[in-house]
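In the text below, chain A, chain B and the rest are named by the order of the sequence lines, each starting its count at 1.
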Amino acid sequence: MSKPTLARGTRDFGPTQMAKRNYIFDTIRRIFQRYGFQPLETPSIENLSVLMGKYGDEGDQLLFKILNSGNFAENLTPTDLGENYKKLTTKISEKGLRYDLTVPFARYVVMNRNDLVMPFKRYQIQPVWRADRPQKGRYREFYQCDADVVGTDSLLCEAEIVLMIHEVLRGLGVADFTVKINNRKILTGIAEVIGAPGQEGPMCVAIDKLDKIGKEKVEDELRERGFTDENIAQLQPIFTLTDDQSDIFARLRGWLAGSEIGLKGVSELEEVGAKVAAFGLQNPQIQMDVTLARGLSYYTGAIFEVKANGVQMGSISGGGRYDNLTGAFGMPGLSGVGISFGVDRIYDVMEELKLFPENQTTSTRIMLTNFDADAERYGLGILRQLREAGFNAEMYPDAAKLKKQFDYADRKNIPFVLIIGSDEIQTGILSLKNMQTGEQQKLTLSEITGLL
RNA sequence: GAGAUUGUAGCUCAGUUGGUUAGAGCGUCGGAUUGUGGUUCCGAAGGCCGCGGGUUCGAGACCCGUCUUUCUCCCCA
């Protein structure tokens, strides 16, 4: 018999982990609903025609593809086998596992466009799969928690996302964090004013590494990517704008005066800030960061990223505004803005900061001992009454040694044990033991339900 | 996709230049204690040394392949 193993890059979540993960999921779900988002679930499996071509060539490679059922090789010819594997794949696989929640969401919106109430606010908490090479904090199966609003350009949505981030993290006890916010239009504007219009893509790839490799190396990389010394000289304000937030909008306007789109980005950013302020958010933890560029390929407006302070960890949440979510499915012009929480990273942050509440592990409040057939029969009646009174209760299933039964209760963190033997059956007075203090007292059932 | 790295008991790890019967701590189980958990003491079980091939009189150790772990790059959550 060979030992079983997990598939590469996957994990089990035992009862202890599940209690903690559910605590995170429940908090996020509660806040999403409080902001008017409605739940959506889509299938794990999608047709490859839905998934392919949406994530770029690299993304297509990272898709888990499902071999056709039955004799998948039935219609293959020797010529097919001689083809490159990508062509062969299309002949033997028609379905794949979901790669993210956004594309299935877009498919859903297109398929239900006539029935949806627009603007449509949906949240979705489901696992996704990527055939990536696993690393620390990177798995082949992991959960995403997305909330998106589609069908409106209103900046109120951006402001609400900022508010939700604050509420979720504070709800989880993560007090010290920074919501970094930028706008794609500002990045476009910067490319214009430094004399490299349309080059914000390569510009951002380099600038994005500022934290990691420092200013000098960023400039080297910009040169490698074809930026002139003149471009780089014009770019200098970017290195001071983030550190010093005072008058940031005025300084941005000065720098981007020559770019209409850049100025629009600044106005949008400012308006989002104003709406957050109007809501009355206490002690906002927001930072304008003109070097923030995540997911540049599809964001068109606001860009968010959230970092927990005081721990060595990448971003725990991110999102932004995109145009044309559903364009790939033949429904152009639908704008949306969304946020995604990284549960695994939030879990690690909370673990490191010891933010999980105690006693998440068990839900059983009281356990009944099991002496023998008579005591079990008597105890079952008590058990029913305890459960009817609303308590999580269980009886030890075997007439094992008491030592073993107490050990079980101890290890399951059950706070109370009810001892039912011949004495208790005769008198009707039950022995209740408090497992934390070790104290034991003789009580009637109604006294016990009162005490619990 | 590229480079490096790891794999020995349930867990964390020892294991000498290749040489008898592969060890420790923790955990598990049993007993001390037949109506009372945590602590203590005593005892026991538990290993195809990741898997497949090769070199050798002899392989946990050396060689090749493969899977796996971790890390960097790429990319991302």
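The residue among Thr10(A) and Tyr139(A) whose nearest nucleotide of RNA chain B lies closer to the 5′ end is Thr10(A).
Aromatic ring centres of Phe37(A) and Tyr123(A) lie farther apart than the 6.0 Å criterion allows.
Among the heavy atoms of the strands, none lies under 4.0 Å from Gly319(A). Phe341(A) comes within 4.0 angstrom of nothing in the nucleic acid, heavy atoms only.
Stacking of Lys404(A) on the aromatic ring of Tyr396(A) is not recorded, the 6.0 Å distance cut-off and the 45° axial limit not both being met. Taking the ring axis of Phe13(A) as reference, the NZ or CZ atom of Arg21(A) stays within 45° of it and closer than 6.0 Å to the ring centre.
Comparing the same atom, C1', in rG18(B) and in rA59(B) gives a spacing of 6 Å after rounding to whole Å. Taking atom P in both rG47(B) and rU55(B), one finds a spacing of 30 Å when rounded to whole Å.
Of all heavy-atom pairs between Thr27(A) and Val168(A), the closest is CG2-O, 4.1 Å. When all heavy atoms of Met203(A) and Ile190(A) are compared, the pair lying nearest together is CE-CG2, 3.8 Å.
For Arg11(A), the side chain to side chain donor-acceptor pair (under 3.5 Å) partners at least two apart in sequence or on another chain are Asp344(A).
In this structure, CG of Asp132(A) is placed 11 Å from P of rA77(B), rounded to the nearest angstrom. When the P atom of rC74(B) is taken as reference, atom CZ of Arg133(A) falls 15 Å away, rounded to whole Å. Straight-line distance from the CD1 atom of Ile303(A) to the P atom of rC76(B): 13 Å, rounded to whole Å. As a whole-Å value, the separation of Arg98(A) CZ from rA77(B) P is 16 Å. Distance Phe64(A) CZ to rC76(B) C1': 15 Å, rounded to the nearest Å.
Put simply, the side chain of Thr178(A) never gets that close to the backbone of Lys307(A): no donor and acceptor are under 3.5 Å apart. With hydrogens and angles disregarded, no donor-acceptor distance shorter than 3.5 Å links the side chain of Asp132(A) to the backbone of Pro134(A).
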Protein-proximity profile, nucleotides 27-38 of chain B, B/S/- by nucleotide at the 4.0 Å heavy-atom cutoff, equals -S-SS---BBBB

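In terms of polar N and O atoms assigned as donor or acceptor, the side chain of Arg138(A) comes within less than 3.5 Å of the base of rC75(B) in a complementary pairing.
When each of Thr291(A), Ile303(A), Leu292(A), Ile238(A) is paired with Leu187(A), the side-chain contact (heavy atoms from CB on, under 4.5 Å) condition holds for Ile303(A) and for no other.
Helical stems of RNA chain B (runs of at least 3 Watson-Crick or G-U pairs, donor-acceptor distances under 3.5 Å) are listed by first residue: B:1-4 with B:70-73, B:10-13 with B:23-26, B:28-32 with B:40-44, B:50-54 with B:62-66.
With rU69(B), rC71(B), rA77(B) as the candidates, the nucleotide lying closest to the side chain of Arg8(A) is rU69(B).
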